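Just below is one structure, and these are the notes that go with it.
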Amino acid sequence: MLELDLRLERQNAALGALARHDCFVRADLAVCLRQINRVAIQTLEVARSSIWFLNDDGSSLICADHHDMSSKDGGTGVVLERADFPLYFQAILQDRVIAAADAQADPRTAEFTEAYLIPLGIASMLDAPILFGGRTVGVLCVEHVGLPRGWPRDEQVFTASLGDFVALALVAEERNRTESALRRAEERYRGIFENAIEGLFQMSPEGRFIDVNPAMAHMLGFADAAGFLAARGSSGTPLFVDPGRRAELMRLADVQDRVVGFEAEVYRRDGPIIWGGFSIRAVRGADGEILRLEGSVEDVTARRRAEDQLAHVALHDGLTNLPNRALFMDRLAQSLARARLTGIGSTVVVLIDIDKFSLINDSLGHAAGDRLLIDLAGRLAARLRPGDTLARLAGDEFAVLVEGLIDVDSAQAFAETLRSCVAAPFTLAADQDFFASASAGVVFAMGGEQGPEDLLRHAGTALHQAKAQGRSRCLAFTDEMRTEPLLTLKLQSDMRRAIERDDFVLFYQPVLSLHDRRLVGFEALIRWNHIQRGLIPPATFIPIAEENGLMSDLGDWVTNTACHQMRIWQERVGAATPLSLSVNIAPTQLIHPDVFTLLDRALAASGVDVRRMKLEVTETALAGDAELLPQRLRALRERGFQILIDDFGTGYSSLSRLHRLPIDGLKIDQCFVKPMLYDPDSAAIVRTIIALGKALNLDLFAEGVEDEGSAAELGRMKCEFAQGYHFARPLPIAAADALVDALVESVAAEAAARTLSPT
């Protein structure tokens, strides 16, 4: 912990000094970049640091400044082409930080191995994309020479902060900020990165300060303790912004004798209000009366601001900074609650999206699509009234919440003004204007009688109808549109024929060993290749199959197809190479009277080795029949199948019966894995599940691994296997075949090497 504190102190001091450097005042970009690189090298104790900027179309990175320990001069002009390093370019557009402890092994940086890493002796890289104007414009690259080194979280945050300083330098150059604006920016960054300062104090039983140490006085803006006591010593002189918080602290100290981590806003002698974290204890005499109160206070402003920022991130869209679905639904629920309480007032929801938006991404690239979305967000916001809410729900779908409109016609007219803002051309590239159209659906409600999900669904129905009627129009929801469930009935009918016509396909998501990142298997995931709608994800058709008794037929098709494919791979990899295939099995399949007959038939028809097949059952399913399901699982395990509990941690299963279940492994749900790097509670849950699995001698799989930091942390926690977008999305059969071929070649090469090596 001391080492971390020292690193944080050094990093914060470096950031503070950098913020005060006069190059930002002078808006001298070259000097700013050079100084940032020097700070990176000195603070992180690395050999090299460089800053690169993307060209206009994002196809190249151009070195703007380069610095290392052996030279005081920066090198510029070197160009990296996206075509030569596609994975790295993709990473800087997707990841907030690229922390490659082993740069030659990390797929995001391994492309540099032969031409760059090996010749220069670079072992590890820590890169921070530079965000400016809502998009990635470049990257700050820190390089370590020698043995590979890890990048702790604080060093990743520090490097990302240096990337923010590059953005600040760009702002300074572009806008030539005035001296006062630079001073405000300096104060802002100093406030964010300054160390928390702890102060000590003694108070009378009535709450009057009778002694403070210099640290507390300095924290609150005084030159010394005497100055503080003269100004704040009297209990009548306010220190707490909210007097009620002071009274609460005094009450708790009297009742509990000890209070820890009590936080409140406090005044400084001058400057902004800060957050103080108070710990206090009551010192009592022999008669039990309080003699004095003594304690400590630290400045927790930086942490509170960071928490506020995290809360903002959780409730806002990262691209447009608009409210996201969660915040929009919360505000919609509040609007309906107000209407129910008063019995009057209207609530209107408008959904709007770009017609054929996927064509923009496919033809012009996702960067152009993002620019269009940012531009559209600005146009929509400009047409809102005070109090309206604009949110980005997903992709190109925006939602607007409006209150106080008088009727459906006025609601539709308002929605049309929003939709029409798309008519003006969008400039997505230099000298290239793009014309788009949009469709909108609107729902009008009075009195708050409906729920937020109902309104959003009705607006979505109206939007779908608008698109079905030719797009580029706005429709209001009507009762007649409630017949849209007929579309669901159509899918039900189509599904029965699709099973007969074999219109379903399997995609395969790779499962890797975290120890050596080697392929150890796949999870088979079903998709519906609809003859008219194309690929339909399971979230759309699985509920339909469950409601219409088609899960057994669908599961039988999946099992037969998966066993047949695994037999092909089994023959290709050979008996000595461990490769398995996981198949999800629904509770309705488990309780089906013919479940064993169907599985036995699939095994016999394919000839697959059953030991290569894993069956995944969700944790929620185990909450069903406490006798039948374990019996069925035990019988399947006796046949040779491996049994995994899927989505573990979300089903509220009884841990007391877990050790009695016939299972071989746990799959940790992605809702805990994805936030584990920044959410201590999620990390604790993951750590507990792994410890539980180890104690029960179970295999452990992590789902939803989306970055190298999570993969590395899971490895440190001793989780054996993982899957997720960081490694690969679910793959069509051709791509999965290619991975199997690569595994076969790798195993053969290792065998040949062992044969040639001296004994």
Side-chain angles (χ1 to χ4, degrees), residues 90 325 351-366 368-370 372-373 392-398 434 436-441 457 459-473 475 481 483-510 522-548 550-551 553-558 560-562 564-565 583-584 586 724-725 728-739:
Q90 182 181 0
R325 177 183 289 270
L351 286 185
I352 183 169
D353 70 4
I354 301 295
D355 297 326
K356 298 183 178 180
F357 179 74
S358 60
L359 293 178
I360 299 173
N361 285 332
D362 294 341
S363 59
L364 301 179
H366 287 276
D370 288 348
L372 186 148
L373 294 176
R392 182 187 176 212
L393 301 187
D396 63 321
E397 188 174 65
F398 292 83
F434 181 86
S437 64
S439 300
R457 184 174 64 254
T461 299
L463 174 61
H464 297 156
Q465 290 283 351
K467 288 186 174 293
Q469 294 182 21
R471 300 184 176 88
S472 189
R473 64 191 63 213
L475 291 181
M481 290 184 184
T483 58
E484 192 179 52
L486 292 174
L487 298 176
T488 302
L489 294 177
K490 178 69 166 55
L491 284 180
Q492 293 173 6
S493 176
D494 290 348
M495 182 177 292
R496 296 182 184 276
R497 288 193 293 269
I499 295 175
E500 298 170 358
R501 293 197 303 256
D502 203 24
D503 284 347
F504 292 90
V505 294
L506 287 184
F507 276 48
Y508 302 87
Q509 184 164 39
F522 294 92
E523 180 181 359
L525 301 168
I526 190 172
R527 301 289 188 269
W528 183 0
N529 191 14
H530 195 280
I531 191 171
Q532 296 172 327
R533 298 170 178 248
L535 284 178
I536 300 178
T540 300
F541 64 84
I542 290 297
I544 297 175
E546 291 175 339
E547 293 174 3
N548 292 272
L550 298 175
M551 280 304 298
D553 293 339
L554 209 56
D556 188 31
W557 179 90
V558 170
N560 279 281
T561 305
H564 175 76
Q565 183 58 51
V583 177
N584 293 281
Y725 287 0
R729 293 174 178 268
L731 304 173
I733 182 60
D737 265 333
L739 286 184

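Index from 1, following the sequence. Note that this is a predicted model, so its numbers are computed, not measured.
In this structure, the separation between CG on Leu554 and CH2 on Trp528 is 9.5 Å, given to the nearest 0.5 Å. Taken to the nearest 0.5 Å, the CD1 atom of Ile733 stands 10.0 Å off from the CZ atom of Phe507. Note that CZ of Arg497 is 9.5 Å distant from CD1 of Ile531, once rounded to the nearest 0.5 Å. Taking CG from Leu739 and CG from Leu731, the interatomic distance works out to 6.0 Å, rounded to the nearest 0.5 Å. The distance from atom CD of Glu397 to atom CD1 of Ile354, rounded to the nearest 0.5 Å, is 11.5 Å.
Minimum interatomic distance between Met551 and Ala586 (heavy atoms only, all atoms of both residues): CE-CB, 3.6 Å. Considering every non-hydrogen atom in both Met495 and Ala545, the closest pair reads SD-CB, 3.7 Å. In terms of heavy atoms, Ala462 sits closest to Gly441 at CB-CA, 3.7 Å. Taking every heavy atom of both residues into account, Val583 and Ala562 meet most closely at CG2-CB, 3.6 Å. Pairing each heavy atom of Leu373 with each of Gly395, the nearest pair is CD1-O, 3.7 Å.
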* Given Leu393 and Leu351, is the side chain to side chain contact (heavy atoms under 4.5 Å, CB included) satisfied, shown in steps? -> CA-CA 9 Å; Leu393 301 187; Leu351 286 185; 3.7 Å; yes

* Working for side chain to side chain contact (heavy atoms under 4.5 Å, CB included), residues Thr561 and His564 -> CA-CA 5 Å; Thr561 305; His564 175 76; 5.8 Å; no

* Carefully, step by step, assess Gln565 and Leu506 under the rule side chain to side chain contact (heavy atoms under 4.5 Å, CB included). => CA-CA 10 Å; Gln565 183 58 51; Leu506 287 184; over 6 Å; no

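Side-chain contact between Leu535 and Val505 is present, with at least one heavy-atom pair separated by less than 4.5 Å. Looking at heavy atoms from C-beta onward, Pro730 lies out of side-chain contact with Tyr508 at the 4.5 angstrom threshold. Side-chain contact between Leu525 and Pro538 is absent, with no heavy atoms from C-beta onward closer than 4.5 Å.
Taking the six-membered ring for Trp and thresholds of 30 and 60 degrees, Phe504 and Trp557 have ring planes inclined between 30 and 60 degrees apart.
Although no hydrogens or angles enter the test, the distance criterion places a donor-acceptor pair under 3.5 Å between the side chain of Asp355 and the main chain of Ser472.
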